[in-house]
Amino acid sequence: MGKVIFIDVDGTLLDYENKLPASADRAIKEARKNGHRVYICTGRSEVEVYDYIWDIGLDGMIGGNGSYVKDEDTAVMHQLITLEQCKHIVDWCHSRNLEFYLESNNGLFASENFEEKGNPVIKVYYQRKGKENASEQTVRTVFPEMIYGGELYRDDCNKVSFILNSYQDHLDSIKEFPDLKPGTWGGAGEIALFGDLGVKGIDKAHAIDDVLNLC
């Protein structure tokens, strides 16, 4: 009986320039040829899993840090932030002048000034990754499908990421949103670049259990 293999996307399956090494492509195809099932397990929403990733021949995905499970062509689990929670996040970010983007399987929806505020932050993120072309990275190169000017009060939101003006923004988000799961990325502790808010009570481990129950 084959095994079930879970693989992260950013920095694992793909490099930090969104490039898929030929060796990774070959390894996954060989694993599936040998009877193993391969799922990506990522913080990305499905809209960020581009065709060239699916073209490897994956068996499915865990997305949104565990809020979404897709087995072949079927979504078997999807837990969303409610419309009311989304409104609360959007209004809170606006009140604090925090730029953000909503992560949905239907698209990434940026706040009004996310691109302007995000460009220097993205450069810092890539500098920390040791990328030689970090100075060339922009919001549009990293998030090529991001939608600007879209509806921000949404009922299809997996999670929300926002640019931290300071680490205190993350600490305050913990108090402001006891009904959600707060986190940070782009660095640990005081040097984190982004905060995020997702569905409470879910994680990748829980979603992996869901997949294993299917197999």
(request) May I ask you to check whether W92 and F162 place their ring centres under 6.0 Å from each other? (result)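 Here the rings of W92 and F162 have centres that are less than 6.0 Å from each other.
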Locate the shortest heavy-atom distance separating [X] from [Y]; write the atom from each residue and the value.
X    : Y    : value
P178 : K200 : O-NZ, 2.6 Å
A207 : V69  : CB-CG2, 3.8 Å
P21  : L13  : CD-O, 3.3 Å
V139 : G118 : CG2-C, 3.6 Å
T184 : A192 : CB-CB, 3.7 Å
G66  : I202 : C-CD1, 3.7 Å

Short side-chain to backbone donor-acceptor contact, [X] and [Y], under 3.5 Å:
X    : Y    : result
K159 : E103 : no
H36  : V4   : no
S104 : N106 : yes
E151 : Y153 : yes
D71  : T74  : no
S45  : V47  : no
D172 : D169 : no
E99  : N113 : yes
K123 : Q137 : yes
T12  : V9   : no

Hydrophobic cluster membership, with links at side-chain heavy-atom distances under 4.5 Å among I/L/V/M/F/W/Y: are [X] and [Y] in one?
X    : Y    : value
I174 : V160 : no
I147 : Y101 : no
V49  : I7   : yes
M77  : L212 : yes
F177 : L164 : yes

Any side-chain heavy-atom pair from [X] and [Y] closer than 4.5 angstrom?
X    : Y    : value
Y50  : E145 : yes
L80  : D155 : no
E136 : T141 : no
H88  : E176 : yes
K87  : R154 : no
L102 : D156 : no
D10  : W185 : no
L180 : I89  : yes

(request) Under the side chain to side chain contact (heavy atoms under 4.5 Å, CB included) rule, what do I53 and L14 come out as? Steps first, then yes or no, please. (result) CA-CA 9 Å; I53 302 175; L14 305 183; 3.7 Å; yes
Roughly how far, to the nearest 0.5 Å, is [atom2] of [Y] from [atom1] of [X]?
X    : Y    : atom1 : atom2 : value
I28  : R26  : CD1   : CZ    : 12.0 Å
R44  : I62  : CZ    : CD1   : 15.5 Å
S67  : K204 : OG    : NZ    : 11.0 Å
S111 : L152 : OG    : CG    : 7.0 Å
N158 : E48  : CG    : CD    : 9.5 Å
C157 : L108 : SG    : CG    : 10.0 Å

Could you verify whether a donor N or O on one side chain and an acceptor N or O on the other, from [X] and [Y], lie under 3.5 Å apart?
X    : Y    : result
D203 : N65  : no
T82  : Q85  : yes
N133 : Y126 : no
N165 : K117 : yes

(request) Over 60° means perpendicular and under 30° means parallel, so classify the ring planes of H170 and Y167, tilted if in between. (result)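 Rings of Y167 and H170: tilted, 30 to 60°.
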(request) May I ask you to decide whether K181 forms a salt bridge with D196, counting only side-chain N to carboxylate O separations under 4.0 Å? (result)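 So K181 does not pair with D196 through a salt bridge.
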(request) Look at K29 together with D25 and state whether they make a salt bridge at an N to O cut-off of under 4.0 Å. (result)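 Yes, K29 and D25 are salt-bridged.
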(request) Apply side chain to side chain contact (heavy atoms under 4.5 Å, CB included) to D210 and V76, showing your working. (result) CA-CA 9 Å; D210 285 347; V76 297; 5.8 Å; no
(message) Running the 4.5 Å side-chain criterion over Ile, Leu, Val, Met, Phe, Trp and Tyr, what cluster does I191 land in, apart from itself?
(response)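 Answer for I191: none, a lone residue.
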(message) Suppose we screen for side-chain hydrogen bond (donor to acceptor under 3.5 Å, both in side chains). Which residues come up paired with R32, at least two apart in sequence or across chains?
(response)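 Expected list: D59.
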(request) Would you please name every residue forming a side chain to side chain contact (heavy atoms under 4.5 Å, CB included) with V121, sequence neighbours left out? (result)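 Checked V121 against side chain to side chain contact (heavy atoms under 4.5 Å, CB included); matches are I163, L193, F194.
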(message) Against the six-membered ring of Y148, is R140 placed for a cation-pi contact (under 6.0 Å from the centre, within 45° of the normal)?
(response)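 Judged by the rule (NZ or CZ under 6.0 Å from the ring centre, within 45° of its axis), R140 counts as positioned above Y148.
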(message) Y68 and side chain to side chain donor-acceptor pair (under 3.5 Å): which single residue from H78, E46, Q79 fits?
(response)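 Only one option passes, and that is E46.
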(request) Output, in order, the C-alpha distance, side-chain angles, deciding distance and verdict of side chain to side chain contact (heavy atoms under 4.5 Å, CB included) for F6 and V38. (result) CA-CA 6 Å; F6 299 93; V38 181; over 6 Å; no
